[in-house]
Each structure stands twice: as C-alpha cells, then as structure tokens.
Amino acid sequence: MAPKPGEMLHLRGNALNAGDPVALPLTQSSMYHLPGATDGLATYGRVDNPTWVQLEHMLSHLEDAPCLSFPSGMAAISAALFATVQAGSRLLIPSDGYYVTRLLSDRFLSRLGVEVEERATTSFAEGGFEGFDVVFVESPSNPGLDMIDLAAVAEQVRATGGVTIADNTTLTPLGQRPLDLGIDVVVSSDTKAMGGHSDLLMGHVASRNTQIMEQVEEWRRVSGAIPGPHEAWLLHRGLETLDVRYDRMCASAQVLAERLATHSAVRLVRYPGLPGDPAHALAQAQTKRFGFLLSLTLDNEDMAEAFINGCPLLRPATSFGGVHSSAERRARWGDDVDPGFIRLSVGCEPVEELWQAIEASLNAL
Ligand SMILES: *Cc1c(COP(=O)(O)O)cnc(C)c1O
C-alpha cells in the first residue's frame with residue numbers, strides 16, 4: 001500500500017513523549033556509553049546512529065520497505081551491486097543512464113570478474129534476460145528521459161532467476177514505485193529532489209528482500225560507506241517538505257514543457273507528460289507523476305549556452321532536483337546527446353515568473 005506523503009510531516013510527531021524536542025535531534029557521536037553488556041545498544045558510530053535511524057524510518061515509510069541510507073547516490077548504488085554480484089556474475093546495465101554507474105561497473109566490477117553488458121533503454125528488453133544474474137535499470141533514464149516497462153522487466157528477470165535493481169532518482173518514490181512493480185531493489189541519489197536544497201549528498205537502498213538488505217547492511221558496516229549524521233539530519237529535514245516541493249516542481253514542469261514545445265527557437269522538447277512524447281504511454285501506465293526534469297534541444301551549442309546563461313532564473317549547474325531551477329548542456333560532460341541538448345530541472349519558483357524569464361531568454365537568441 002502506498003504511503004501518504006503528507007504523513008512525512010507527522011511521522012516523528014506521532015512517536016514523541018512529553019518534553020521531547022519536536023525537531024529531530026542531531027547526534028554527533030562516534031562513541032556510546034557502554035558499561036558492560038552491550039546487547040541491543042548502539043555500539044560505535046560506523047554501525048549505529050540515532051539520527052540515521054530516524055531518517056531511515058522516514059525513508060522506509062516513503063518506500064514502504066526497509067531502507068538503509070548512504071553518503072551519496074553512488075555509495076547506495078555500490079552497496080546494492082556489491083551485495084548482489086560476485087565473480088562470474090553477468091550484470092546488465094543501461095548504456096544511456098547515469099554515467100558513473102557505468103564507470104563503477106566497467107572500471108571496478110569488471111576487474112573482479114563480473115561480466116558487464118550494456119543496452120540502450122529504449123531497446124532494453126530485446127534479447128531477453130536469460131543468464132543475467134543482476135539487471136540494473138534506470139527509468140526514466142538520465143538525461144534522455146526514455147522509459148522501460150519496469151513490471152515486464154522485473155517479471156522476466158525473476159523468471160530466469162536474476163535480481164533487478166532500479167535507480168529511481170529522477171522520479172522519487174512519490175513519482176514511481178518500482179518495488180510495487182516487482183523490482184527487487186531500489187537505489188536513489190537523495191542528493192537530488194529528496195534532499196531538495198542542493199546542500200547535501202546522500203543516497204539510499206530500499207528492498208523487501210531480507211537477504212539482500214542484510215548484505216547491504218553488512219557492506220555499509222564493513223566498507224565504512226556511512227552517512228555523516230549532519231547530512232542525515234539535513235535529508236530528514238528536506239523530506240518533511242518533499243511532498244509540497246515535488247508537487248510544485250512537477251506541476252510547473254508540465255506547464256513549461258507545454259509552452260516550450262510551441263516556441264519557435266526550440267527544436268525538440270522531451271517530457272514524459274507531453275502526450276506526443278515517446279515515453280508518455282509508459283509514464284501514464286507506471287508513474288504517479290511525470291517528474292520535474294525535461295529536456296529541450298536548441299539549434300547548436302552557442303544558442304544553448306546563450307539561453308542558459310541569459311536566463312536569470314536558471315542556475316547553470318550540473319545535478320538537479322533543488323528548489324532553484326537549473327539547466328545545463330549535457331554534451332559538456334560527454335553524454336551522447338546533441339550539442340544543443342539542455343537538461344532542465346524545474347524548481348519551486350512561481351511558474352509564471354519562471355516562464356517569463358525562460359521565454360525572454362529564448363526570444364533574445
Ligand atoms: C546523481 C545521480 C546518481 C549519483 O548520485 P550522487 O549522490 O551524486 O552520488 C545516480 N543516479 C542518478 C540517476 C543520478 O542522477
């Protein structure tokens with residue numbers, strides 16, 4: 001059953017005792033007071049932290065599944081992969097998803113005897129999944145915003161004995177619920193919309209598979225890839241407003257996508273919420289919201305740079321999901337996209353002001 005996002009604000013409040021602080025206390029301690037028997041007690045800062053526990057309580061509520069938090073999205077992805085692959089495993093990853101996941105697989109997992117294969121998101125299911133031990137998916141893909149049928153992939157991979165992992169960063173659990181579609185493990189960069197204020201890096205792993213979560217917990221404890229208590233505290237605070245921020249961001253993205261699609265300076269707009277978008281039918285079938293990310297393609301690199309830098313309401317920054325709208329040309333990092341391709345992350349600004357600034361910058365090209 002999907003949790004009600006409004007409950008995020010009250011999760012902590014529901015369990016308070018008289019005199020407790022209303023805001024979550026931040027516990028900065030590597031040591032715990034342990035005179036004698038240690039059963040059931042917090043032992044050491046790499047293993048336990050009360051601020052993580054509260055954060056993970058909230059994340060678990062959002063995911064409707066056990067969750068473990070990590071110091072970045074990549075730390076969460078590493079944990080999910082190290083918990084599921086071994087020498088000789090065959091791993092399938094998207095060729096057009098978040099590029100650091102590919103680097104991790106190609107540069108490190110392959111050296112340990114993991115056989116890594118890549119497929120494009122739009123033709124991901126072609127060739128089937130027989131023989132793959134772990135299938136890693138990203139839908140919508142970042143930055144192309146292509147989608148795959150998560151329920152179909154989950155079913156086919158399970159039928160051949162494999163494990164599925166979905167990177168759900170771009171839509172968040174409020175926009176898409178891969179575990180409910182049969183995916184085994186969800187990973188997320190909470191650096192993006194979950195934190196939402198561009199002031200922290202964090203990530204999490206969610207799964208209803210007890211064995212996998214035990215491995216993920218052991219990986220965190222042994223590898224030392226633990227979140228800092230302050231980041232955990234900041235993420236917890238950000239999550240209290242995720243529902244309102246996300247609602248505004250998705251609603252504004254729809255408005256902007258529709259208007260951008262009719263502007264003469266824009267060659268192409270991709271947004272899953274546009275009826276003509278190649279991902280629209282899948283988005284309607286498997287997502288709750290169409291998200292806050294869109295892309296627009298202008299004629300060339302110079303025009304794209306002039307548009308971004310000429311718009312005072314767009315931060316020219318990499319990363320996305322913050323309260324401030326941001327945009328960048330993805331070709332500058334080597335993504336396989338048109339030189340005039342811009343990923344735009346819609347923030348929480350009033351949409352009419354945002355549109356006026358975007359339109360003025362496009363008109364000035
Ligand atoms: C940003 C991102 C990551 C990595 O997250 P970090 O917090 O930067 O480590 C992974 N997947 C996707 C889709 C992302 O956008």
Side-chain angles (χ1 to χ4, degrees), residues 55 59 67-82 93-109 118 120-121 124 136-148 150 164-176 178 183 185-206 216 219-220 223 225-228 230-232 234-235 238-239 246 249 253 270 272 279 287 291-295 315 317-322 326-328 330 333-337 341-347:
L55 168 65
L59 289 170
C67 283
L68 287 164
S69 56
F70 286 86
S72 68
M74 281 317 302
I77 290 170
S78 301
L81 287 172
F82 274 92
I93 58 173
S95 59
D96 51 355
Y98 187 69
Y99 72 105
V100 189
T101 305
R102 288 200 298 282
L103 283 182
L104 172 71
S105 306
D106 294 341
R107 301 274 304 124
F108 292 92
L109 296 179
E118 294 183 6
T121 298
F124 201 75
F136 188 102
V137 294
E138 193 179 306
S139 176
S141 58
N142 170 23
L145 301 180
D146 286 313
M147 290 200 185
I148 50 184
L150 291 175
T164 46
I165 304 175
D167 185 334
N168 201 36
T169 299
T170 51
L171 283 180
T172 84
L174 298 189
Q176 178 168 261
I183 294 287
V185 184
V186 158
V187 292
S188 166
S189 169
D190 298 337
T191 308
K192 317 292 169 51
M194 299 282 273
H197 295 76
S198 314
D199 54 7
L200 65 92
L201 281 94
M202 281 287 280
H204 76 266
V205 177
V216 170
W219 167 262
R220 180 173 76 174
S223 71
I226 56 159
H230 187 231
E231 278 70 21
L234 277 173
L235 177 56
L239 288 174
Y246 191 70
M249 288 155 69
R270 287 292 310 265
T287 73
F292 54 84
L293 281 181
L294 58 88
S295 76
R315 302 278 70 78
T318 198
S319 195
F320 57 84
S326 61
E328 72 165 344
R330 286 303 302 177
W333 301 111
D335 279 0
D336 184 20
V337 291
F341 173 100
I342 297 165
R343 182 182 65 199
L344 201 161
S345 171
V346 180

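Counting convention: from 1, in listed order, for ligands and their atoms alike. All residue numbers refer to positions in the sequence shown, counting from 1. Basis for what follows: all heavy atoms, side chains included, without hydrogens, waters or symmetry-related copies.
- Between Leu239 and Met194, the closest heavy-atom pair is CD2-O, 3.6 Å.
- A donor-acceptor pair shorter than 3.5 Å cannot be found between the side chains of Ser326 and Arg343.
- Checked options Ile165, Val185, Ile93; the residue passing with Leu81 is Ile165 (criterion: side chain to side chain contact (heavy atoms under 4.5 Å, CB included)).
- Residue Ser189 has at least one N or O atom closer than 3.5 Å to an N or O atom of ligand 1.
- For atom 12 (C) of ligand 1, the candidate residues are Val187, Asp167, Thr170, Leu293; the nearest heavy-atom contact is made by Asp167.
- Contact of the Arg220 side chain with the Ser69 side chain is registered, since non-hydrogen atoms from C-beta on lie closer than 4.5 Å.
- Looking only at heavy atoms of the protein, atom 6 (P) of ligand 1 is closest to Gly73 N, 3.3 Å.
- Contact check for Asp336 versus Tyr99: no side-chain heavy atoms found under the 4.5 Å cut-off.
- Glu138 places none of its side-chain heavy atoms less than 4.5 Å from the side chain of Thr121.
- From the protein, the heavy atom lying nearest to atom 1 (C) of ligand 1 is Lys192 NZ, 1.4 Å.
- Residue Phe320 approaches ligand 1 through these ligand atoms, each under 4.0 Å from one of its heavy atoms: 15 (O).
- Considering only heavy atoms from C-beta on, Thr169 stays 4.5 Å or farther from Tyr98 through its side chain.
- Within the listing of ligand 1, atoms 7 (O), 9 (O) sit less than 4.0 angstrom from a heavy atom of Ser72.
- Ring geometry, Trp219 versus Phe82: the interplanar angle falls under 30°, so the pair is classed parallel (tilted spans 30 to 60°).
- Among protein heavy atoms, atom 4 (C) of ligand 1 sits closest to Tyr98 CE2, 3.4 Å.
- For ligand 1, the polar-atom distance check against Leu201 finds no nitrogen or oxygen pair separated by under 3.5 Å.
- For Glu138, no nitrogen or oxygen atom sits less than 3.5 Å from a nitrogen or oxygen atom of ligand 1, counting backbone and side chain alike.
- Any N or O atom pair closer than 3.5 Å counts here, and Met74 shares at least one such pair with ligand 1.
- When heavy-atom distances to ligand 1 are checked against a 4.0 Å cut-off, Ile77 comes that close only through its side chain, counted from C-beta outward.
- Nearest heavy-atom pair across Pro178 and Gln176 is CD-O, 3.3 Å.
- The protein atom (non-hydrogen) at minimum distance from atom 7 (O) of ligand 1 is Thr191 OG1, 2.6 Å.
- Interface atoms of ligand 1 facing Thr169, defined by a heavy-atom separation under 4.0 Å, are 11 (N), 12 (C), 13 (C), 14 (C), 15 (O).
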